[in-house]
Amino acid sequence: MPFRESDRLKALPPYLFVDIDRRRRAAIAAGKDVINFGVGDPDQPTHAFIIDRMARAIRDPALHRYPFDQGSPAFRRQVAAFFQRRYGVDLDPDREILTLIGSKEGIGHLPLAIVNPGQTVLIPDPGYPVYRAGTIFAGGTPWTMRLCERNGWLPDLAAIPSDVARQAVLMFLNYPNNPTGATASRHFYARAVAFAREHDLIIAQDAAYNELYLTDQRPPSILEIPGAKDVAIEFHSLSKTFNMTGWRLGFAAGHPGVLAALGRVKSNLDSGAFTAIQEAGGAAYAGSDRPEIEHMRALYRARSEVLCEGLRAAGFRVTPPQATFYIWAGVPHGHDSMQVAHKLLEEAFIVCIPGIGFGEAGEGYVRFALTVDVDRTREAMQRLRGLTW
Ligand code: PLP
């Protein structure tokens, strides 16, 4: 049967990583020793204390049934305790926390809950592609907030034209930021909350990397700002915090009405995260200050040092990230990000992601994920040193 893709799918931007991935597979097929800094997927296993809790949970038949719509009460209670401990923010587990099947699921579905066709959504560029895709799926109109290094990769809220701000119903923020590694201060969040109040829009702050801080400055939550719960929700993820990308678990916290609307979308499309996984997720948050989590951050710090030094020696411009496990490197002068990614793959068998894949403002940069061990990272940097530009 012939079929045609929906206009919705056709409206998505082209997936620019396909080409790099094809070249990566071709290099491997040709027997090359490829070192992959491409994917943002931790190379370390899920922490043992979480697996132990899962092993017990999976044997409990009470947990085999359909999950609760908002998520398991035990998980949401642990999240509330974590939020109080980490940020000093009180959350009502029944109204202000919603379990997600990974934060991507909630980010992608949110526009269906609060954006009408034709309404404007403010989206960062460079940025995680799901903000745009979710907006397009809901029929919303993305409006790009161009981020730049000079501005610490924060959007210039004052530069958003007043007619755009008036029409906007939702603004996505993402700090700590993928791909740039930048963080936002409480001062910035306070300005964003005031902007949302003034223009009557909702902020969705994506905090998927809040626990991957690489300096002694822990990133704040936007919900620390007084009154933030009136205008904002924040997405959190267990994926990178606890090496649980495959488990699919996250949550949103904040504005109870927005969470209820998102919950209604979800209850019509999915039936929630497996309750046994939520039990394990509760154990993860209960153990969020365990030494193995700090050990993981130390591992990323060590890799970051090797990578930053090696990239600088090879002619890249690098600022060490404050958080996330990404190095966002300015490419050697006179080249664009796609050319550099191709050259690295073809001449040094190193995979990185061209910045243009995160939006036009990502041009001139490439992203390296810190998911390769220190020895292999050193080897990659040695290969880079041999390249001529
Ligand atoms: N937000 C950002 C900025 C990300 O980079 C990712 C994953 O890479 C996600 C959200 C989604 O994470 P998950 O769905 O695994 O919670």
Side-chain angles (χ1 to χ4, degrees), residues 15 17 21 36-44 46 50 71 75 79 82 97-111 121 123-135 145 147 153-155 170-184 203-214 219 221-222 233-253 262 266 269-270 272-274 277-278 280-281 284-285 288 300 321-328 352-353 355 357-359 361-362 365 367-371:
Y15 192 56
F17 308 134
D21 204 50
N36 190 351
F37 296 95
V39 281
D41 195 351
D43 57 319
Q44 301 294 304
T46 303
I50 303 170
F75 175 65
V79 166
F82 164 77
I97 298 171
L98 176 70
T99 301
L100 301 171
I101 310 172
S103 63
K104 181 182 195 173
E105 177 264 300
I107 292 166
H109 281 149
L110 177 66
V121 177
I123 287 173
D125 175 349
Y128 181 54
V130 183
Y131 313 131
R132 186 173 295 273
T135 299
M145 300 185 288
L147 312 182
W153 302 105
L154 297 170
L170 173 62
M171 171 164 71
F172 280 105
L173 296 175
N174 167 219
Y175 296 98
N177 185 258
N178 175 14
T180 68
T183 53
I203 297 173
Q205 145 59 11
D206 177 356
Y209 296 94
N210 252 36
E211 287 295 289
L212 285 197
Y213 45 88
L214 304 181
S221 160
I222 195 170
I233 66 168
E234 189 163 75
F235 290 101
H236 287 255
S237 169
L238 286 84
S239 290
K240 319 289 162 92
T241 309
F242 302 111
N243 299 329
M244 290 175 73
T245 47
W247 298 53
R248 312 310 303 130
L249 190 62
F251 68 89
L262 176 56
K266 286 174 52 55
L269 291 178
D270 61 60
F274 182 21
I277 291 181
Q278 295 188 60
Y285 276 114
S288 66
Y300 291 137
Q322 296 159 43
T324 75
F325 58 9
Y326 301 116
I327 305 287
W328 184 239
C352 66
I353 303 286
F358 298 97
Y365 296 84
R367 191 196 77 177
F368 294 80
L370 298 169
T371 48

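Just so it is clear, the structure is predicted and the values come from calculations on it, not from any experiment. Just follow the structure's listing: the first ligand is 1, and inside any ligand the first atom is 1. These values consider heavy atoms only, across backbone and side chains, with no hydrogens, waters or symmetry-generated copies.
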Heavy atoms, side chains only, cut-off 4.5 Å: are [X] and [Y] in contact?
X	Y	result
T371	D41	no
L147	N177	yes
L100	L262	yes

Can you find an N/O atom of [X] closer than 3.5 Å to an N/O atom of ligand 1?
X	answer
S239	yes
S237	yes
N174	no

Check: F82 ring centre within less than 6.0 Å of F251 ring centre: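 Ring centres of F251 and F82 not closer than 6.0 Å.
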Protein contact of atom 3 (C) of ligand 1 - nearest heavy atom, named by residue and atom, plus distance: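 Minimum-distance protein heavy atom for atom 3 (C) of ligand 1 reads D206 OD2, 3.3 Å.
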Nearest non-hydrogen protein atom, atom 8 (O) of ligand 1: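 Result: K240 NZ, 2.8 Å.
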Is [X] in contact with ligand 1, taking contact as a heavy-atom separation below 4.0 Å?
X	result
T245	no
F235	no
R248	yes

Closest contact, heavy atoms only, I222 versus E234: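 Heavy-atom minimum between the residues: N-OE2, 3.0 Å.
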Heavy-atom closest pair, residues L249 and G281: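 In terms of heavy atoms, the two residues are closest at CD2-CA, 3.7 Å.
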Option from Y175, Y365, Y326 for which ring-ring contact (aromatic ring centres under 6.0 Å, His included) with W153 holds: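 By the ring-ring contact (aromatic ring centres under 6.0 Å, His included) criterion, W153 pairs with just one of Y175, Y365, Y326: Y365.
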Could you tell me, atom by atom, which parts of ligand 1 come under 4.0 Å of a heavy atom of [X]?
X	value
G102	14 (O), 16 (O)
K104	11 (C), 13 (P), 14 (O)
A208	1 (N), 10 (C)

Part of S103 with heavy atoms under 4.0 Å of ligand 1, whether side chain, backbone, both or neither: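 Both the backbone and the side chain of S103 come within reach of ligand 1.
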Donor on one side chain, acceptor on other, E211 and S288, under 3.5 Å: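 Judged by distance alone, the side chains do not pair up.
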